[in-house]
Asker: 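Before I ask anything, let me first share the structure, which is written out below as C-alpha cells.
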Amino acid sequence: FLDIQNNLFTKLPTMLYALPPQTRIRINEELVPANDNSLRFISNDDSSSFALNPERAEAHRPPRLQKKARERLKEKESASKAQIDDELEDDPTTEHHVGPQPLPPSTPSSHNSESPLHSLPPPVTINTQAPRKKRRLKTLNMTNSSLTALPEKLKKYGNVEQLVLSQNQLTTVPIWLSSFKKLEVLLLDDNILSSLPPESLNIPSLQHFNLRGNRLETIPATICLCRNIKHLNIENNQFRRLPSILSELPRLETLRIKGNPIEEFPEVIAKMRNLRKLSLGDDLSSWKRHLLKIKPHLQIS
C-alpha cells in the first residue's frame, strides 16, 4: 500500500504503473486518468489504519492471493480435524473429511464416451523410442498483416524471442505484452501508435526496440524497466524533446532520433554512458559539433 495523496504532484507519475499490480496507491482523484479502469488507485478512502486492519488488507488482496490464503486455512482445518475423537467420527450428524481424499475423476476415453466417471483409464502403450522435442517458436513475424490490434490468442506465444509487428495499423499495444519475459527484439515500426501503455514496457530482456514511423510524442517512464535495451529507434515520430528517462537505460548503445521536431538540445545524451551511435539526420545536424565536444567518440550520422 502506497499513500502519496496531498503532495505537489501536477500529473500522475507513470512509474507508479511499474509497481506490482496488487499494490494499492492512494492519490488525489483528479490525477487519475479518466480512462484508467484498473483497481490500483484509491481515492477518497480513509487509509489511516489500512496496514493495521487485516480485514481491509484481505479485501484489497488480489483474488489469486486470497485463494492461496483460503487453501492454507483449509489445510490447517483438515489437520485439526484429524485429531477429532473416534466418537465424533461415528456421529452421523457431523460431516467429516478426515483421511485420504478420493481420487479425481478420470477423463472418459474418447473411444467410449459413456464410460463411468470413476472407471480406470485405458491401458497406456509404452513407446520405446525417445520422444521428439517440440521445437520452440523463437520468432513471430506478423509484418504487413493489416492488424489494428493484437489478438488475445498471441498471449500463448509468450516465450518468443523476436516479435515483428511492422507495417500494420496498430494504435496501441496491450498491457499483457509485458508477459513476454524472453522477448529480445520488438519491432513496432510503421504503425500509427500515438501512445504506449506504461504497463506494457516491463520487459527486462528486451534489447532491440524499433518504434520508427509512428505518432509518438513521448514514451512512458517505465521504459527504464527495459534495462537491457541496446538499440532504440524512435525516428520519424512527433517528439519535441528527447525524454530524459532514456538516460536510465544503462546499456543503450545505438539511438536513432532523426525525423522528429525536437526543439530543445538533447542534454540527456551526455548522461548516456555507453552510447556509441546516434542518428540526427539533416534537421538536427546543427547539434553535431556540440555533441562531439561532450562525447568525442560518438558516431553521428
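Values below: all heavy atoms of this structure, side chains included; hydrogens, waters and symmetry mates excluded.
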Asker: So, do S301 and K277 sit near enough that their side-chain heavy atoms are less than 4.5 Å apart?
Answerer: no
Asker: Distance from S146 atom OG to N168 atom CG, nearest 0.5 Å?
Answerer: 7.0 Å
Asker: Would you call E253 and R276 a salt bridge, taking side-chain N to carboxylate O under 4.0 Å as the test?
Answerer: no
Asker: Exactly one of L183, L201, V185 should register a side-chain contact (heavy atoms from CB on, under 4.5 Å) with F209. Which one does?
Answerer: L201
Asker: If you count heavy atoms of other groups shown closer than 6.0 angstrom to CD1 of I175, is the number above 12?
Answerer: no
Asker: Do L291 and L278 touch side chain to side chain, with heavy atoms closer than 4.5 Å?
Answerer: yes
Asker: State plainly whether the residues E161 and K182 are in salt-bridge range, i.e. N to O under 4.0 Å.
Answerer: no
Asker: Please find the pair of heavy atoms, one from P243 and one from I219, that lie closest to each other, and give the distance.
Answerer: CG-CG2, 3.8 Å
Asker: Identify the heavy atoms of F180 and L154 that sit nearest to each other, and give their distance.
Answerer: CZ-O, 3.4 Å
Asker: Atom NZ of residue position K181 - does it have more than 12 heavy atoms of other residues, nucleotides or ligands inside 6.0 Å?
Answerer: yes
Asker: Counting only N and O atoms by type, is there a donor-acceptor contact under 3.5 Å from the side chain of N7 to the main-chain atoms of Q5?
Answerer: yes
Asker: What are the two closest non-hydrogen atoms of N236 and N260, and how far apart are they?
Answerer: N-ND2, 3.8 Å
Asker: Stepwise, does the ring pair (Phe, Tyr, Trp, His ring centres under 6.0 Å) test hold for F265 with H290?
Answerer: CA-CA 10 Å; F265 179 78; H290 187 52; 4.9 Å; yes
Asker: May I ask whether L255 and L187 are part of the same hydrophobic cluster, defined by side-chain heavy atoms of I, L, V, M, F, W, Y residues being less than 4.5 angstrom apart, directly or through others?
Answerer: no
Asker: Between N28 and E30 (side chain of the first, backbone of the second, donor and acceptor by atom type, cut-off under 3.5 Å), is there such a pair?
Answerer: no
Asker: Determine whether I245 and L225 fall in the same hydrophobic cluster, where Ile, Leu, Val, Met, Phe, Trp and Tyr are linked whenever their side-chain heavy atoms lie under 4.5 Å apart.
Answerer: no
Asker: To the nearest 0.5 Å, how far apart are CG in N202 and OG1 in T222?
Answerer: 8.0 Å
Asker: Taking the side chain as every heavy atom from C-beta outward, state whether L188 and L186 have any atom pair closer than 4.5 Å.
Answerer: yes
Asker: What are the two closest non-hydrogen atoms of P220 and P198, and how far apart are they?
Answerer: CB-CA, 3.9 Å
Asker: Output yes when a side-chain donor or acceptor of N228 lies under 3.5 Å from a complementary backbone atom of Q207, and no otherwise.
Answerer: no
Asker: Is it the case that more than 12 heavy atoms not belonging to K230 sit under 6.0 Å from its NZ atom?
Answerer: no
Asker: C226 and L249: which non-hydrogen atoms are nearest, and at how many Å?
Answerer: O-CD2, 3.5 Å
Asker: Would you call K295 and L275 a side-chain contact if the rule is heavy atoms closer than 4.5 Å?
Answerer: yes
Asker: So does D282 have more than 12 non-hydrogen atoms from other groups sitting under 6.0 Å from CG?
Answerer: no
Asker: Given side chain to side chain contact (heavy atoms under 4.5 Å, CB included), test W176 with E152 step by step and report yes or no.
Answerer: CA-CA 9 Å; W176 51 256; E152 287 277 336; 3.5 Å; yes
Asker: Kindly indicate, with the supporting measurements, whether the criterion side chain to side chain contact (heavy atoms under 4.5 Å, CB included) is fulfilled by S179 and K155.
Answerer: CA-CA 8 Å; S179 64; K155 293 172 66 174; 5.6 Å; no
Asker: Would you give the length of the straight line joining atom CE of M272 to atom CG of L246, rounded to the nearest 0.5 angstrom?
Answerer: 4.5 Å
Asker: Measure across L12 and L31 and return the closest heavy-atom pair with its distance rounded to 0.1 Å.
Answerer: CB-O, 3.4 Å
Asker: Check whether N233 reaches the backbone of N210 with its side chain - one donor and one acceptor, N or O, closer than 3.5 Å.
Answerer: no
Asker: One thing to verify: whether K258 and D283 come together as a salt bridge, which I'm taking to mean a side-chain N less than 4.0 angstrom from a carboxylate O.
Answerer: no
Asker: When rounded to the nearest 0.5 angstrom, what is the spacing between CG in L216 and CD1 in I192?
Answerer: 11.5 Å
Asker: Nearest 0.5 angstrom please: T172 OG1 to L177 CG, how far?
Answerer: 10.0 Å
Asker: Going only through I, L, V, M, F, W and Y residues with side-chain contacts under 4.5 Å, is there a path from V164 to V160?
Answerer: no
Asker: Can any side-chain N or O of D189 pair as donor or acceptor with the backbone N or O of R212 at less than 3.5 Å?
Answerer: no
Asker: Measuring from atom OG1 of T23 to atom CD1 of I25, what distance do you get when rounded to the nearest 0.5 angstrom?
Answerer: 6.5 Å
Asker: Look at the side chain of S279 and the backbone N and O of I257, then say whether any donor-acceptor pair between them is shorter than 3.5 Å.
Answerer: yes
Asker: Hey, does the side chain of N141 reach the backbone of L165 with a donor-acceptor pair shorter than 3.5 angstrom?
Answerer: no
